[in-house]
Amino acid sequence: MDPGQLLLLAAAGMLLVAAVAQTAALGLTQPRDAVAFGALIAFGELLRLSLPGDREAAPIGSAGGLGYALVLQIGFVPARQPAMQVIAVTAVGMTVGALPHLAAGRPAGVAGMASRLLAVAFVAFVFRPLSGLAMLSMHVWVALTVMAGLVVAGWFAECLIRALIRADALRARFRVALVDEIRVQWQLGAAVGASAMLIALAADEMGLVALAILIAPLLVTQVAFRRYAGIRSTYLQTVRALARVTEVGGYVEDGHSHRVGRLAVAVGRELGMNEPDLLELEYAALMHDIGQLSLPDPIPGGATVLVSPEDQRRIAELGASVIEQAGVLDRVAEIVRCQDRPWRSTGSGSTGSGSTGSGSTGPGSTGPGSTGPGSTGPGSTGPGSTGPGPPVGSRIIRAANAFDDLVGGSTDRDRTTAALERLRLDTATQYDPGVVEALSKVAGRRHPARM
Amino acid sequence: MGRLSRAAWLYMAAVLTAAAVLLACSIYLHRRLDLGVSRWILILLVLAILFLVCDSTPTTLTSRQSAWSASSSATLAAVVMLGPLGAALVGVTSLLSMRRGLYVAQRAFNAAMYTLSAFAAGQTYLTLGGTVGVPQKSSFPGIIAPFAAAAAVHVVVNHGLLSGMLLLLPPPESARRARLGVHLPLLLVSDLGFATLGLLIAALWSLVSIFAAVLVLIPLFVARWAIGQFAAQERAYDATMAALCQAVETKDFYTRGHSERVSRGAAMLARQVGMHAERVEAIRYAGMLHDVGKLGVPTKVLQKTGPLSEEELAAIQLHPMRGLEIVRQIGFLEEALAGIMHHHERVDGKGYPLGLAGDEIPEFARVIAVADAFDSMTSTRSYRGARRIDEAIAELRKWSGTQFDPVLVDAFVRALDREGWDRPDTTVVPPGFAGGMSAQDHDDPTAPLRVVESR
């Protein structure tokens, strides 16, 4: 397990033990409300939701926990539960709701539960001590403002935790991971926050009935999100599956598309690409050979790096026009179209890499070739790479494709080193040095782990 | 809108008249207001604006005509706070909807529909003992049961009036209606959600007045956003799948568009035999992908003009299995996979790959087999021209009971009568065409693959 995740689990675990112990020692205040909120949280945990990018959320559970932390009065009776009780009830509810998942053989999702618990704990610690203030119950606007601020802060803290874990696990950059997290979570976060505030407000007049009623709108949100996430994953599965037709048709080696797809995404992440761009990159990488279907017969050997530049050009063009047919993947088509373009068209290399002008003639140029990327990498892979030369996605696919053509499914370390060496030799014109450097990092990471 | 049938116009006129009469009567009869007039009008205005905002930015599901919106939460809040008349008046504002591309007749019909359903909901609420007015602390939980009934009536009247209209529309609309059926569970769940939001707006009114509407709107808009994203993704998905299937077909000039037509034909037949909307959707995808494994068949085998050797025949007969191999990892219904694998089985058991007979063949496969053969016969092949529809039907009937399921053949003919069939119009191969063209078609029941006699 990753160290970041371990840290998170340790923090959540300690909090849980402390909260349960204290609640057990002091006894439950207003047990009926505690049980109702606990049941709501368990129900929400049961209806977990997967979001795009292998994420999990439990909107109803989160709204229940936050609502319990924020509630001022339930059915005209002031709610007096301390923060530790909120945490204990949330944790127990989550655990109960997670049990059926475990029984069905699904992963427990402990990390997700821990980050949700910490968000609730944050809000509870700040708000519970304030809840007795007369100002809050007298002026509903003040209460609303405080609640809204806390909900946003709690949500942000949760995003921060998730991004930390994700950056750690996927080796993405933290800042990129945080922006990705916020982009994926903010809509659902807004719905959860608004619902939590509604629960807290409505419980005063409606009593515990408010919980039952407030589930419905969030349930709609949840159903809608589930379908959205479902079609997203079916989409990816379908592209992955149909990319294999080139393999079944004997146009490329078995597993080529998948390997290039995985490699390209890892390289893109290493270069700091965000998730929407990575998805497009993965689509393009999976379908980069689809143009070969338009050739009457497979090119002997199949490996694109070894065929003539004219054939490469044709395959790229044909592939792009296939993808353009869909009418919704124009940027993917553009990436596929430019995949055969050299990183730098010959003759225009006027920058500091002048000494590598003779790179293709001898091995002597490997020295500058491997030190150069450090300085050119970040500049050439900026997010808005609309400057001269092919888009960064095309450059990544070009390098990943060549690498896989040379190495194939093999995990042999010498072969990997030789292939990387060959790519480095061509960084003067053919391959983006920054991309090749990232590729070698990715490849270097994979091999020790596998042996 | 000129292509509306007489019945549709009559129906629309009836709905409009009913709404107008109802509105006029209830304004006339409505003498006493429970709230002060000015407060009543303030609430009406706020709810009408809420209604308009929701109605003007609907989520489209596959077509502009079947757009739907979250406006029912405003209507139902009006049922509680303003009574039947107020609810009906909120519904009338649909006339002013800022949705683009609405015909005047559509606007009028929508407004009448919302008026009638809102009024019906309001009456239900009153009849069951719900108190009209801004709910006070003592109103709960007493008003929940009448409100739930009112919400149910609202949904039923609304969907009833709408489907009445859709039924009377010409065929393209009815095809859309069938796709709308897929979304029906989602629509019903969301109606439930919107109804509760309506109650919430009413309940929170005394506490935070207009702010209640804002707070309640947030989850609502998020849900709508997600549904919109879902619909957009689904359209993108369909387009991508079609493009990829087309790429597989480019190998052979004559089979261009085959997958898409088989997909349409299979879905048409599936609807005709009354399959559930979700299964129709699955068979659409299965039909699209049924020949994807053909790519594993060497081009020289597909383009061979003479009789095939045993090995070559085996290569062709392997394609359903190759297709399954490719498609297996997509999270489809199990049935769709079975449909792809068995679409060349014959009812008499002489098909491939397993030689299943009769009911052993999965229903999806039997459906796809009919559509597949029909499209093959009505398309041009290198060795013959395209057959006319009636000739192809005669062929289907001839093989009914041996190759095809007779029940399905009959159903397919009925579906053809109702919905028609678009034959591909490409008949001439352009001179510079780079791809190949097959000399034999494994889908054509009238010209079985010729095999060298083994000695």
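Just so it is clear: chains get the letters A, B, ... in the order the sequence lines come, proteins before strands, and each one is counted from 1.
Judged purely by distance below 3.5 Å, without hydrogens or angles, the side chains of A:T238 and B:Y237 pair a donor atom with an acceptor atom.
Contacts of A:V322 with chain B are made by both backbone and side-chain atoms, with heavy-atom separations under 4.5 Å. Interface remark: B:A242 contributes no atoms to any contact with chain A (heavy atom separation under 4.5 Å). Looking at A:F76, only its side chain comes within 4.5 Å of chain B, counting heavy atoms on both sides.
The shortest heavy-atom contact between A:L242 and B:M241 is CD1-SD, 4.5 Å.
Interface summary for chain B: among A:P59, A:A190, A:A326, the most heavy-atom pairs under 4.5 angstrom belong to A:A326. By number of non-hydrogen pairs under 4.5 angstrom with chain A, the leading residue of B:L289, B:I326, B:I218 is B:I326. Counting heavy-atom pairs closer than 4.5 Å to chain A, the top-ranked of the candidates B:A232, B:C245, B:A226, B:A203 is B:A226. Ranked by non-hydrogen atom pairs under 4.5 Å with chain B, the options A:L218, A:V328, A:I231 are led by A:I231. For the set A:I323, A:L198, A:V209, the count of heavy-atom pairs under 4.5 angstrom toward chain B peaks at A:L198.
Other residues, nucleotides and ligands contribute over 12 non-hydrogen atoms within 6.0 Å of the CZ atom of A:R106. In this structure, A:R331 places its CZ atom where only 12 or fewer heavy-atom neighbours from other residues, nucleotides or ligands lie under 6.0 Å away.
Of the inter-residue distances, the one linking A:T221 atom OG1 with B:W225 atom CH2 reads 11.5 Å to the nearest 0.5 angstrom. The structure places OH of A:Y235 at 12.5 Å from CD1 of B:I330, a figure rounded to the nearest 0.5 Å.
Side-chain contact between A:Q237 and B:Q329 is absent, with no heavy atoms from C-beta onward closer than 4.5 Å. For the pair A:R232 and B:Q229, the minimum side-chain heavy-atom distance is 4.5 Å or more. Side chains of A:Q325 and B:T240 form no contact here, defined as non-hydrogen atoms less than 4.5 Å apart.
Electrostatic pairing of A:R227 and B:E234 does not count as a salt bridge here, judged by no charged N lying under 4.0 Å from a carboxylate O.
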